[in-house]
Number of protein chains: 2
Amino acid sequence: MAAVEGDDSATTAGSTLGYALLSLLTRGPATGYQLTQQVKAPLGHFWTARHSQIYPELARLAAAGWVDSVEQAGPGPRAKKTYAVTAAGLAALRAWLVIPPTAQPRSEITLKAYAATSADPAAMAALYADLADRSTRVLAEYQQDAERMRAAGQDEPAHPRFGNYAVLMMGIESQRAVHRWACWLAACLRTGRAVAYGEPTAD
Amino acid sequence: MAAVEGDDSATTAGSTLGYALLSLLTRGPATGYQLTQQVKAPLGHFWTARHSQIYPELARLAAAGWVDSVEQAGPGPRAKKTYAVTAAGLAALRAWLVIPPTAQPRSEITLKAYAATSADPAAMAALYADLADRSTRVLAEYQQDAERMRAAGQDEPAHPRFGNYAVLMMGIESQRAVHRWACWLAACLRTGRAVAYGEPTAD
DNA sequence: CCTCACTATGTAACTTCTGACATGTCAACT
DNA sequence: AGTTGACATGTCAGAAGTTACATAGTGAGG
């Protein structure tokens with residue numbers, strides 16, 4: 001244990017963000033800046049991080065031997081670093097992937113619904129009507145992305161970017177769920193009476 | 001604070017947890033311990049907190065004048081405190097409720113799907129098959145809760161606990177979404193070929 | 001009699017995440 | 001000539017959240 005290098009990779013328990021970055025790097029080498037762009041979509045629909053969190057995390061991953069970096073002259077005062085996942089990093093990612101996750105989701109809009117009766121019904125109805133609208137637009141956008149991906153064969157599990165498609169599918173399901181729920185809740189608050197769930201309302 | 005009392009409530013920007021606790025307290029006075037139990041369900045499906053986070057937050061809410069507390073002799077070495085929301089607290093909650101939330105959800109299981117191609121397909125298929133199973137059981141449980149609530153008239157927006165029903169409805173939608181997605185993803189990984197979304201698979 | 005679970009409240013150390021501060025180049029537009 | 005936006009990397013303070021430590025009464029079951 002004392003003499004062998006790369007020993008860290010066995011004992012270091014990475015953070016969730018670390019594994020997220022590792023997942024991004026399996027799609028090819030990237031700089032911290034590029035990773036910051038890539039966590040926006042489609043990963044960003046279910047996991048986000050700012051650059052201020054990404055740069056230190058990349059340093060930790062490098063220290064653990066899970067990623068390698070090569071430096072080039074950058075546009076700013078510092079060198080530009082391109083990171084790539086190592087064999088140890090890939091092994092760590094693989095091990096983490098098959099552990100069933102336990103974390104509960106957090107949704108502020110659902111939390112607000114919990115206190116819906118404390119607020120002005122009209123204002124709350126407007127809030128959820130707006131949410132329903134927004135989810136319709138987002139859903140249309142996701143559907144287009146999905147169509148593009150299918151045309152590129154990304155819906156095949158063997159495709160290296162199949163994960164992007166899988167995440168997008170969850171995004172579509174989520175937006176549909178939110179849309180149905182928001183429509184129902186808005187109808188309840190607008191009419192002030194119990195509305196059967198799933199029954200279409202005149203919209 | 002200098003001349004006008006309750007001045008704090010206008011300037012203090014509460015944390016999300018603070019508003020969650022305020023929402024719980026609109027259902028009636030409670031101790032920190034009881035609030036810890038109540039964040040488990042149905043609120044816990046979309047927002048959780050440990051007692052170690054709740055007690056300090058209650059102290060902050062009390063300092064801001066958003067909650068009041070009365071002390072009784074407790075079983076342990078310290079006095080038991082029962083909290084109730086004040087007029088200022090209710091006003092703050094009302095103001096917060098109508099602000100459209102922006103926070104993105106976080107889902108570890110979806111993040112793992114993003115890297116699905118890096119892991120052993122059989123192990124990943126098992127992971128999502130298991131998730132589909134679990135969501136079926138959870139859904140059945142939620143449906144029973146919903147039935148009970150409807151019997152109690154909690155599906156009426158005028159009912160003081162309507163929020164519990166609204167949150168549960170979102171829980172049902174979410175579990176359905178997760179179930180459909182997990183079934184599809186498991187089928188993809190098991191067969192190794194593109195499976196059309198929504199097409200029922202032999203299960 | 002002992003152990004276990006429930007009631008009940010708190011603190012301390014640590015990790016994770018956000019928002020602001022800080023620097024500097026290059027290309028396009030005005 | 002000046003401004004805006006993209007590229008590119010970092011730090012720091014503080015908020016939010018988790019895990020573990022600490023204490024103590026009551027009642028049920030073995």
Side-chain angles (χ1 to χ4, degrees), chain A residues 12-21 24 29-40 43-44 46-64 67 69-83 96 101-108 111, chain B residues 12-22 29-40 43-44 46-64 67 69-83 96 101-108 111:
Chain A
T12 307
S15 66
T16 307
L17 176 62
Y19 293 113
L21 296 179
L24 284 161
T31 64
Y33 184 84
Q34 289 174 317
L35 292 170
T36 306
Q37 308 304 305
Q38 286 170 45
V39 282
K40 283 176 186 167
L43 230 207
F46 296 99
W47 203 273
T48 53
R50 314 270 169 201
H51 80 273
S52 58
Q53 209 188 342
I54 290 172
Y55 287 111
E57 186 62 38
L58 281 171
R60 274 191 292 273
L61 290 173
V67 297
S69 66
V70 286
E71 301 195 3
Q72 298 118 310
R78 295 187 189 85
K80 170 175 139 175
K81 292 175 200 162
T82 302
Y83 291 88
W96 174 76
T102 50
Q104 291 287 319
R106 263 157 209 275
S107 165
E108 208 174 310
L111 173 58
Chain B
T12 307
S15 67
T16 307
L17 175 62
Y19 293 113
L21 296 179
L22 246 24
T31 65
Y33 184 83
Q34 289 174 319
L35 292 170
T36 305
Q37 308 305 305
Q38 286 170 44
V39 281
K40 283 175 186 166
L43 230 206
F46 296 99
W47 204 272
T48 53
R50 315 270 169 195
H51 80 272
S52 58
Q53 210 187 344
I54 291 172
Y55 287 111
E57 186 61 38
L58 281 170
R60 275 192 290 272
L61 290 174
V67 296
S69 66
V70 286
E71 301 195 4
Q72 298 117 309
R78 295 186 190 85
K80 170 175 140 177
K81 291 176 200 161
T82 302
Y83 292 88
W96 174 77
T102 49
Q104 292 286 319
R106 262 157 211 272
S107 164
E108 209 174 309
L111 174 57

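Proteins come first, then strands; the chains are lettered A, B, ... in the order of their sequence lines, and each starts at number 1. No experiment lies behind these values; they were computed from the predicted model shown.
- The nearest heavy atom of DNA chain C to Thr16(A) and to Gln37(B) marks one nucleotide each, and the one closer to the 5' end goes with Gln37(B).
- To the nearest 0.5 Å, the span separating CG on Leu24(A) from CD on Gln37(A) amounts to 11.5 Å.
- Between Tyr55(A) atom OH and dC12(D) atom P there is a gap of 17 Å when expressed in whole angstrom units.
- To the nearest 0.5 Å, the span separating CD1 on Ile54(B) from CD on Glu57(B) amounts to 9.5 Å.
- Side chains of Leu35(B) and Leu58(B) form a contact here, defined as non-hydrogen atoms less than 4.5 Å apart.
- Heavy-atom distances under 4.0 Å link DNA chain D to Trp47(B), Arg50(B), Ser52(B), Gln53(B) of residues 47-54 of chain B, given in residue order.
- With sequence neighbours excluded, no residue satisfies salt bridge (charged side-chain N to carboxylate O under 4.0 Å, His left out) with Arg106(A).
- Note that CD of Glu108(A) and CH2 of Trp96(B) are 5.5 Å apart. Values are rounded to the nearest 0.5 Å.
- One distance of note links OG1 of Thr31(A) with CD of Glu71(A); it measures 12.5 Å at 0.5 Å rounding.
- Atom CG of residue Leu17(A) and atom CG of residue Leu61(A) lie 8.0 Å apart, to the nearest 0.5 angstrom.
- Mapping Gln34(A) and Glu57(B) onto DNA chain D via the closest heavy atom, the residue that lands nearer the 5' end is Gln34(A).
- Here the CG atom belonging to Leu22(B) is positioned 13.0 Å from the OH atom belonging to Tyr83(B), to the nearest 0.5 angstrom.
- Atom CG of Leu111(A) is separated from atom P of dG17(D) by 11 Å (rounded to the nearest Å).
- Residue contacts shown for Arg60(A) are absent, as no nucleic acid heavy atom lies under 4.0 Å away.
- Here Gly74(B) lies out of heavy-atom contact (under 4.0 Å) with every strand.
- When each of Ser15(A) and Tyr83(B) is assigned the nucleotide of DNA chain C bearing its nearest heavy atom, the one mapping closer to the 5' terminus is Tyr83(B).
- In summary, contact between chain A and DNA chain C, defined as any nucleotide atom under 4.0 Å from a heavy atom of the protein, begins and ends at dT16(C) to dT25(C) in the 5' to 3' direction.
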